Amino acid sequence: MKLAFLPWLILFLPLLAAAWIMLFTRANRCRSAALSISAVVLGFVGTLTFVGANGFHPVQPEVSVTWLAVGGLDIAFGLRLDALSLLMMLVVTGVGGAIHIYSWGYMEEDRCFSRYFASLSLFTFSMLGVVLANNFLQMFIFWELVGVSSYLLIGFWYERASAADAAKKAFLTNRVGDFGFLLGILTFWGLAGSLNFEAIKEWMDNGIGFGSTDPIIVQSGLTLAGLLVFCGAMGKSAQFPLHVWLPDAMEGPTPVSALIHAATMVAAGVYMLSRTFFIYTPDALSVIAWVGGFTALLAAVVAVQQNDIKRILAYSTLSQLGYMVMAVGVYAPSAGMFHLVTHAFFKALLFLGAGSVIHALHHEQDIWRMGGLRRRMPVTFWTFMVGTLALAGVWPFSGFFSKDSILATAQHHSPALFVLGAAVAALTTFYMFRLVFVAFLGPERTSEASHAHESPWVMTWPLRLLATFSLIGGVLGIEGLLTGFYDPVGSEHPNGLAAQVFYPFAHAPVAASVGLASVAAGFLAAHWLYRNVAEDPLPARIGALSRWMRNKFYFDELYEATVIRLQDTAATVIDWFDRWLVAGAAVRGTAGVTRLVGQALRLVQTGSLQTYTFLFVLGVAIVLFAVLGR
């Protein structure tokens with residue numbers, strides 16, 4: 001393998017940048033930003049160089065060093081270098097690099113500027129560790145580091161109670177999923193005797209140990225183990241019912257939202273499912289598909305009545321993640337990863353566009369206090385429109401190709417999920433053009449909107465770059481690369497530009513046509529309801545349903561009344577038991593009796609000869625009295 005040192009350097013550069021910033025350059029804002037940005041940009045250049053030298057299929061796809069050897073447990077710290085991880089490295093360092101550069105302008109006035117960039121670098125290191133891991137234990141360690149660094153970023157403005165609460169909510173919700181993930185990892189170690197992905201895959205392919213065990217029990221055990229691993233993805237990728245943390249994560253700075261909700265943290269769950277696709281039985285995949293489909297529909301419905309520009313995009317992310325998870329569940333991890341890559345382009349673009357608007361309006365986030373921004377912020381508007389068209393799935397934007405790939409597979413495996421996916425496509429177009437009509441094309445509603453101005457070049461050039469990839473990302477050969485990775489035998493995909501542009505219509509005309517029809521229906525409905533309106537007309541039309549949608553179907557309140565209250569009650573009972581029975585009766589009670597007895601004996605053991613003589617005479621008198629009296 002050529003340039004074998006490069007993947008190690010790419011992995012550890014962000015960690016070195018984070019440590020250097022916190023130890024030496026915290027007082028120098030310019031150097032801190034330059035270090036953080038340089039680490040991720042050099043990572044992107046290094047990945048391109050490595051791919052140029054070795055291709056996406058290196059001769060030696062795995063490099064490792066012995067890390068831990070205890071008894072029968074041998075763990076190596078290894079890097080998995082194949083088409084899946086190399087493509088994901090390009091996404092993390094490429095899109096992440098654009099977000100880093102944008103952050104320099106967006107966070108310029110923040111007093112904790114250096115701490116912000118140190119946290120970004122730590123997050124990048126953690127995410128790259130997840131991507132490059134070649135075994136479950138290493139992935140889990142970096143998985144938890146992603147959780148820690150995301151906690152630091154979501155709660156970056158910890159002085160605000162809402163930000164601190166959102167960070168805790170994200171951290172604790174993910175711990176629920178990670179507990180299941182850890183149980184699944186331990187189960188596969190117990191079954192396969194290894195945590196290495198290739199070793200487990202070989203064990204699965206060969207059916208080692210199946211001959212002496214009831215196949216039904218083995219299949220059920222593998223299904224359960226796979227679903228436990230899926231719990232980790234439910235947490236990181238915010239799938240129902242662990243979806244509640246992601247919208248609240250908007251309390252962090254907007255570039256953090258772009259980083260978490262586009263290319264990195266939320267993508268980790270989908271990437272993990274795709275990396276470990278071989279462990280899931282058909283029953284497990286069926287559960288995964290329906291969890292993903294339901295999450296996609298639920299989040300899209302909620303997004304229809306959100307008014308905060310970042311929350312609309314957050315629920316959009318939830319919905320698109322549901323699409324990706326559904327793709328894995330219908331035996332199309334390549335389609336899910338394809339949508340993950342294109343989604344990284346246009347969702348990062350949309351979040352950064354929203355950040356540009358918020359920056360211009362002095363941190364106003366309510367779309368009903370915007371309006372007329374198309375004229376005052378032309379670069380932001382047109383790039384935001386590119387992201388909107390890509391997210392909606394308009395041909396020939398990137399989102400059309402990846403979404404069509406998912407719909408085509410769903411049509412083949414599950415007609416019900418195909419219909420659900422088409423409905424989500426219509427809802428996506430509806431709520432995104434609702435946002436565009438109200439915020440950019442409607443009348444100016446506030447003085448801030450009437451005095452808005454375009455953002456500086458350090459913020460607009462990343463928008464232009466991401467808009468370019470949001471347009472052409474579907475025809476870069478990503479789908480063919482991923483399809484070839486998962487199905488190297490007989491997989492055919494066009495290589496020419498023209499063939500790729502029209503491939504969906506030739507390959508799956510029904511899915512492509514239904515997808516475009518759904519987009520048209522969503523756009524017409526949004527145009528009819530929201531073109532040049534002063535207030536939202538939908539609540540008057542759908543009544544109580546609108547209130548339920550605005551309040552996210554009261555999931556937070558439901559969890560507050562059930563899970564959290566049950567936990568608080570259990571904690572109160574356990575505290576009472578510990579305080580009064582364990583600490584009181586058992587500990588303090590025993591100690592009190594011992595102390596009382598000791599104090600009584602201390603009265604006897606005075607060390608005085610006169611006292612001992614008196615007690616001796618008194619004892620003799622009592623004995624004599626008892627004997628003579630009897």
Side-chain angles (χ1 to χ4, degrees), residues 247 250 296-320 346-347 349-351 353-354 356-358 360-361 364-378 380-394 397 399 422-450 452 515-553:
M250 296 298 99
L297 181 62
L298 173 68
V301 171
V302 173
V304 167
Q305 279 294 277
Q306 298 302 304
N307 296 325
D308 184 312
I309 187 171
K310 288 174 66 175
R311 284 187 178 272
I312 295 171
L313 297 179
Y315 277 103
S316 171
T317 300
L318 271 175
S319 184
Q320 299 305 304
F346 57 72
K347 188 52 65 66
L349 170 62
L350 290 170
F351 268 113
S356 180
V357 170
I358 295 168
L361 298 183
E364 178 59 65
Q365 296 183 199
D366 189 343
I367 61 173
W368 293 100
R369 294 183 59 80
M370 300 177 187
L373 298 179
R374 177 179 65 86
R375 297 182 297 275
R376 303 194 175 275
M377 306 180 70
T380 299
F381 167 70
W382 287 110
T383 53
F384 198 92
M385 274 299 300
V386 170
T388 298
L389 293 171
L391 173 58
V394 176
F397 293 84
V424 171
L427 288 169
T428 302
T429 308
F430 177 79
Y431 65 68
M432 284 306 301
F433 275 97
R434 170 183 180 262
L435 189 162
V436 169
F437 286 139
V438 174
F440 289 95
L441 301 179
E444 297 171 353
R445 296 178 178 84
T446 61
S447 60
E448 287 84 0
S450 62
L516 289 176
S518 300
V519 170
F523 173 79
L524 291 174
H527 187 276
W528 173 53
L529 284 171
Y530 291 101
R531 182 66 173 169
N532 291 323
V533 295
E535 59 181 19
D536 195 343
L538 202 57
R541 294 176 180 272
I542 61 176
L545 179 59
S546 171
R547 184 172 65 255
W548 279 71
M549 292 158 70
R550 280 198 310 275
N551 288 285
K552 303 164 284 187
F553 289 101

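The structure displayed is predicted, hence computed values, not measured ones.
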Original post:
Just wondering, are more than 12 heavy atoms of other shown residues or ligands nearer than 6.0 Å to CH2 in Trp368?
Top reply: yes

**OP:** Please name the pair of heavy atoms, one in Leu516 and one in Gly393, separated by the smallest distance, quoted to 0.1 Å.
**Re:** CD2-O, 3.9 Å

**OP:** Could you grab the distance from atom CD1 of Ile367 to atom CD1 of Ile312, nearest 0.5 Å is fine?
**Re:** 4.0 Å

**OP:** For the pair Glu444 (side chain) and Met370 (backbone), establish whether a donor and an acceptor sit closer than 3.5 Å, ignoring hydrogens and angles.
**Re:** no

Original post:
Would you find a donor on one side and an acceptor on the other, under 3.5 Å apart, between the side chain of Ser518 and the backbone of Ala422?
Top reply: yes

Subject >> Side chain Arg445, main chain Val438, donor-acceptor under 3.5 Å >> reply: yes

Subject >> Minimum heavy-atom distance Ala299-Leu318, with the two atoms named >> reply: CB-CB, 3.5 Å

Subject >> Student check: side-chain heavy atoms of Leu297 and Leu427 closer than 4.5 Å >> reply: yes

Original post:
Got a second to check how far Ser316's OG is from Met432's CE, nearest 0.5 Å?
Top reply: 6.0 Å

Subject >> Evaluation steps, side-chain hydrogen bond (donor to acceptor under 3.5 Å, both in side chains), between Ser546 and Gln305 >> reply: CA-CA 7 Å; Ser546 171; Gln305 279 294 277; 2.6 Å; yes

Original post:
When you look at Arg374 and Val436, which way does the side-chain contact (heavy atoms from CB on, under 4.5 Å) test go after all the steps?
Top reply: CA-CA 9 Å; Arg374 177 179 65 86; Val436 169; over 6 Å; no

Original post:
Just how far is it from atom CE of Met549 to atom CG of Leu538, taken to the nearest 0.5 Å?
Top reply: 6.0 Å

Original post:
Taking the side chain from Ser450 and the backbone from Ser447, do they hold a donor-acceptor pair closer than 3.5 Å?
Top reply: yes

Original post:
Is the His527-Phe437 ring centre distance short of 6.0 angstrom?
Top reply: yes

Original post:
Quick one: are Pro539 and Arg550 in side-chain contact, heavy atoms under 4.5 Å?
Top reply: yes

Subject >> Atom of Ala449, atom of Leu373 and distance for their closest heavy-atom approach >> reply: O-CD2, 4.2 Å

**OP:** Take Thr428 and Gln320, measure what side-chain contact (heavy atoms from CB on, under 4.5 Å) needs, and give me the verdict at the end.
**Re:** CA-CA 9 Å; Thr428 302; Gln320 299 305 304; 3.7 Å; yes

Original post:
Quick one: CG on Leu529 to CG on Leu524, what's the gap to the nearest 0.5 Å?
Top reply: 11.0 Å

Original post:
Got Glu364 and Glu448 here, is their nearest side-chain heavy-atom distance under 4.5 Å?
Top reply: no

**OP:** Would you mind reporting whether Phe433 and Met385 have side-chain heavy atoms less than 4.5 Å apart?
**Re:** yes

**OP:** Kindly determine whether Phe523 and Val394 satisfy side-chain contact (heavy atoms from CB on, under 4.5 Å), including the steps that lead there.
**Re:** CA-CA 11 Å; Phe523 173 79; Val394 176; over 6 Å; no

Original post:
How far does CE of Met377 sit from CG of Leu361, to the nearest 0.5 angstrom?
Top reply: 7.0 Å

Original post:
Taking Ser319 for the side chain and Tyr315 for the main chain, is one N or O donor matched with an acceptor at less than 3.5 Å?
Top reply: no

Original post:
Atom OG1 in Thr317, atom NZ in Lys310: separation rounded to 0.5 Å?
Top reply: 11.5 Å

**OP:** Looking only at non-hydrogen atoms, find the nearest pair between Ala300 and Val424 and report the distance.
**Re:** CB-CG1, 4.3 Å

Original post:
Can you name the nearest heavy-atom pair linking Leu313 to Leu350, along with the distance?
Top reply: CD1-O, 3.5 Å

Original post:
What heavy-atom pair brings Ile358 and Gln365 nearest, and what distance separates the two atoms?
Top reply: CD1-CG, 3.7 Å

Original post:
Does a side-chain heavy-atom distance below 4.5 Å link Phe430 with Tyr530?
Top reply: yes

Original post:
Checking Arg434 side chain against Val304 main chain: does a donor-acceptor pair fall under 3.5 Å?
Top reply: yes

Subject >> Residue that, paired with Leu389, satisfies side chain to side chain contact (heavy atoms under 4.5 Å, CB included) out of Phe346, Phe384, Phe397 >> reply: Phe397

